[in-house]
Protein chains: 2
Amino acid sequence: MRNLLEIQKQLLPDLMETLKRRYTILHQIMLSDIIGRRTLAASLDMTERVLRAETDLLKSQGLIEIESVGMRISDAGRRLLDLLEPAAKSLFGLDELEEKIRSTYGLSKVIVVPGDCETSPFTKRELGRAGSKALLGVLRPDDIVAVTGGSTLAEMADQLTTLLPLSYKNAWFVPARGGLGESMEIQANTIASTMAKRVGANYRLLHVPDLLSEDAYQSLALDSNIGEIVNIIRSSRIIVHGIGEAFEMTRRRKLDESTVSEIQGEGAVAESFGYYFNEDGKIVHTMLRMGMRLEDIMRTEVVIGIAGGKGKATAIHAMLRFGQENILVTDEAAAQEIGRRIDMEVQSSL
Amino acid sequence: MRNLLEIQKQLLPDLMETLKRRYTILHQIMLSDIIGRRTLAASLDMTERVLRAETDLLKSQGLIEIESVGMRISDAGRRLLDLLEPAAKSLFGLDELEEKIRSTYGLSKVIVVPGDCETSPFTKRELGRAGSKALLGVLRPDDIVAVTGGSTLAEMADQLTTLLPLSYKNAWFVPARGGLGESMEIQANTIASTMAKRVGANYRLLHVPDLLSEDAYQSLALDSNIGEIVNIIRSSRIIVHGIGEAFEMTRRRKLDESTVSEIQGEGAVAESFGYYFNEDGKIVHTMLRMGMRLEDIMRTEVVIGIAGGKGKATAIHAMLRFGQENILVTDEAAAQEIGRRIDMEVQSSL
DNA sequence: AGTTCATGGTCTTAAAATGTCCCGGGTTAA
DNA sequence: TTAACCCGGGACATTTTAAGACCATGAACT
């Protein structure tokens, strides 16, 4: 109950601060699996000595275990974090931010994790955890899930774990599109297969390059194997996609200079599923490609967007305006920025 | 949510201590109406200086007002205490104690107030407050309530206040028995009238001595006025009774030496409604008297027992074993002791 | 085998908490 | 009216605690 905290704040004015601090420490320890005092102090921007006081306390409460190799969260600590998570949201004021974004863009759910992906790799991991939690929250035993590529999605795949012994052996994971010329780990194909393995589901891969010439597209479309998997992709009930900053994506796709400047000229700020969007969420550029098409996306029941970092706020905002998202998973830095933009819009519309 | 507090106990054990301390201080200030720093420090067993640090904080939070005559609780402070009360129960571990006693003896409700009646007059006042709260919780507009005498009941009568504008003008308060040879303030008659006045209800008095000879009993029973009020008493839906230590009651009743030794020889430890009970809750001695009889008590819908102090634990325990209580209101000292006895019983039954 | 990073111990210093006493003023009871 | 009493608040020495800095030792990894 939110009330109780408000009441206690009167008698314990510094309650929030301490609670936040200890929660953050415990949380960080959990994310790090095992971590030393000095490293942890540096990553939390505390002096070693005060951190030590806190970890001693956490240890005496049985929330962490201290070994010669470092500190590790205990089962009790893990349980505590789980229980505290909703409260922590309100502690950091993230619940309000979530609701603001959710209601403004009519989403069914918004999840904001504390921190900034760009600054801390742990926040990125947390984003992945939150994303997989969100996916598991809507995943049914015989769903088809399409996923895109990207480092955030890769992190999410790593964090995906089924706690319940629910069987997903009739579910399918497929890539939403073909491969980018990027490292193996963050390709949609890899991510689809990782996710599938982690929840005990099946997967199909799409072995075609993402960027296609007209000729190549036509000939591949006739291939029956490819046709089959593309049909599966297009009938997905759930799509999980990263959100990219437009310019960076052109670079990662190694587009030629003229195309890049063309896309930029059209005011593109965001990219997802192979489409480029301007600030207003309008599609300004479409890449010829295999896999999900616009009409498939619009038909998809659950669209989960996942991205974080202040620098991606513009891109995320554009995707929200596009209006096809159902669930957004982002971080505090991006959410704050999006919140500011919402405020500005409201103000200018008065 | 109960959960949150449990979580806090793990993550903020030190803050919970100060929360307890500040709650106790604020609570004591409320009970004292107005009190000076030194007096308060003495009654809470703290040094003046540490108390001062706390009261300064309470003042800065606007929970108390400091005047030249002493400290007084503010409206905000009063509100805070009310809101925090259920949480405080769990903070002090009293909720578990309540539940333990409740379930062991099949009561519908057990209320344990912090402290020890014998040590602190404030705890006695608190016991009275809790008792009147419990009564108001079950009191219906046209109830008949029988009350016994005793200092605890007197305190309860003083603390009885109806917050709601509920009308009890059709309710009746009656004494459960006649007068003891004691001071006016703690006689059942006085208490019944005080309670009735405080909630705007009616009252009838029973003007007969509690201890009667056979002859006197017979002749009084024929009196129509007395017969009428006795009938009202016997049809009560609620009875609120104190619980006395057997030996002390024989003294207060000024019984002759032979009767006293007789009662003692029978192993009596508790007294209530004019009956003496042994440790097992069996009635071992009955006084000839007007008013409530055993069969009336058994028929009564709501029996509220109220008593506190470690020295009364044996007596309270005996009454619980008697098995007619529905609601017990006691203090921490007595409840702890009763809890210990329950543990011993459980252990010996294994 | 050497390096690195971990915990846990210790010493010093700064700061906060505490114990103690006192003062002027208002309240109360005689 | 007066005197005793208790009040809050100021002052200050002292104790306790928190914090910073460093080091010893040991496990793990290269």
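Heavy-atom basis, side chains included; hydrogens, waters and symmetry copies ignored. Just so we're on the same page: letters track the sequence lines, and every chain starts at 1.
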Quick test: give all pairs of protein nitrogen or oxygen and nucleotides 14-23 of chain C nitrogen or oxygen below 3.5 Å, distance rounded to 0.1 Å.
from: C/dG19; atom 1: OP2; to: B/Thr47; atom 2: OG1; distance (Å): 2.0
from: C/dG19; atom 1: O6; to: B/Arg49; atom 2: NE; distance (Å): 3.3
from: C/dC22; atom 1: N4; to: B/Arg38; atom 2: NH1; distance (Å): 3.4

- Restricting to pairs with a member in residues 4-33 of chain B, which pass ring pair (Phe, Tyr, Trp, His ring centres under 6.0 Å), not counting sequence neighbours? B/Tyr23-B/His27
- Using a heavy-atom cut-off of under 4.0 Å over every strand shown, decide if B/Ile35 touches base, sugar-phosphate, or nothing. sugar-phosphate
- Interatomic distance, B/Leu40 CG vs D/dC6 P [rounded to whole Å]: 15 Å
- Nearest whole angstrom, please: distance from the P of D/dC6 to the CD1 of B/Ile34. 15 Å
- Main-chain N/O of A/Gly62 paired with A/Ser74 side-chain donor or acceptor, under 3.5 Å: yes
- Qualifying residues under ring pair (Phe, Tyr, Trp, His ring centres under 6.0 Å), relative to A/Phe122, sequence neighbours excluded: none
Please set out all donor-acceptor pairs under 3.5 angstrom arising from side-chain atoms of residues 28-40 of chain A, sequence neighbours excluded.
from: A/Ser32; atom 1: OG; to: A/Gln28; atom 2: O; distance (Å): 2.6
from: A/Arg37; atom 1: NE; to: A/Glu48; atom 2: OE2; distance (Å): 3.3
from: A/Arg37; atom 1: NH2; to: A/Glu48; atom 2: OE2; distance (Å): 3.1

- Query: Is A/Lys310 atom NZ crowded by more than 12 heavy atoms from other residues, nucleotides or ligands, each under 6.0 Å away?
  - Reply: no
- Task: Please round to 10 degrees the angle between the axis of the first five pairs and the axis of the last five pairs in the helix from C/dA1-D/dT30 to C/dA30-D/dT1.
- Result: 30°
- Nearest-Å distance, CE (A/Met71) to P (C/dC5)? 15 Å
- Task: Sequence neighbours left out, what passes side-chain hydrogen bond (donor to acceptor under 3.5 Å, both in side chains) with A/Glu118? Give chain and number order.
- Result: none
- Taking ring pair (Phe, Tyr, Trp, His ring centres under 6.0 Å) as the test, write out the residues that go with B/Phe92, two or more places apart. none
- side chain to side chain contact (heavy atoms under 4.5 Å, CB included) involving B/Arg251 - partner list, sequence neighbours excluded: B/Glu248
- Task: Show your reasoning for whether side chain to side chain contact (heavy atoms under 4.5 Å, CB included) applies to A/Lys197 and A/Phe173.
- Result: CA-CA 9 Å; A/Lys197 284 175 197 159; A/Phe173 280 80; over 6 Å; no
- Query: In residues 57-67 of chain A, which ones come under 4.0 Å of DNA chain D, going by heavy atoms?
  - Reply: none
- Message: Can you pull out every side-chain hydrogen bond (donor to acceptor under 3.5 Å, both in side chains) where at least one residue sits in residues 10-21 of chain B? Sequence neighbours excluded, please.
- Response: A/Arg22-B/Asp14, B/Arg21-B/Glu54
- OP1 or OP2 of D/dC7 less than 4.0 angstrom from a side-chain nitrogen or oxygen of B/Thr39, does that happen here? yes
- Task: Taking side-chain hydrogen bond (donor to acceptor under 3.5 Å, both in side chains) as the test, write out the residues that go with A/Arg78, two or more places apart.
- Result: none
- Message: Strictly under 4.0 angstrom, non-hydrogen atoms only: write out the protein contact profile of nucleotides 24-30 of chain D, one letter per nucleotide from the 5' end, B, S or -.
- Response: ---SS--
- Query: So, A/Glu98 side chain and A/Val112 main chain: donor-acceptor pair closer than 3.5 Å or not?
  - Reply: yes
- Would a distance-only check, ignoring hydrogens and angles, find a side-chain to backbone donor-acceptor pair under 3.5 Å from A/Asp331 to A/Gly309? yes
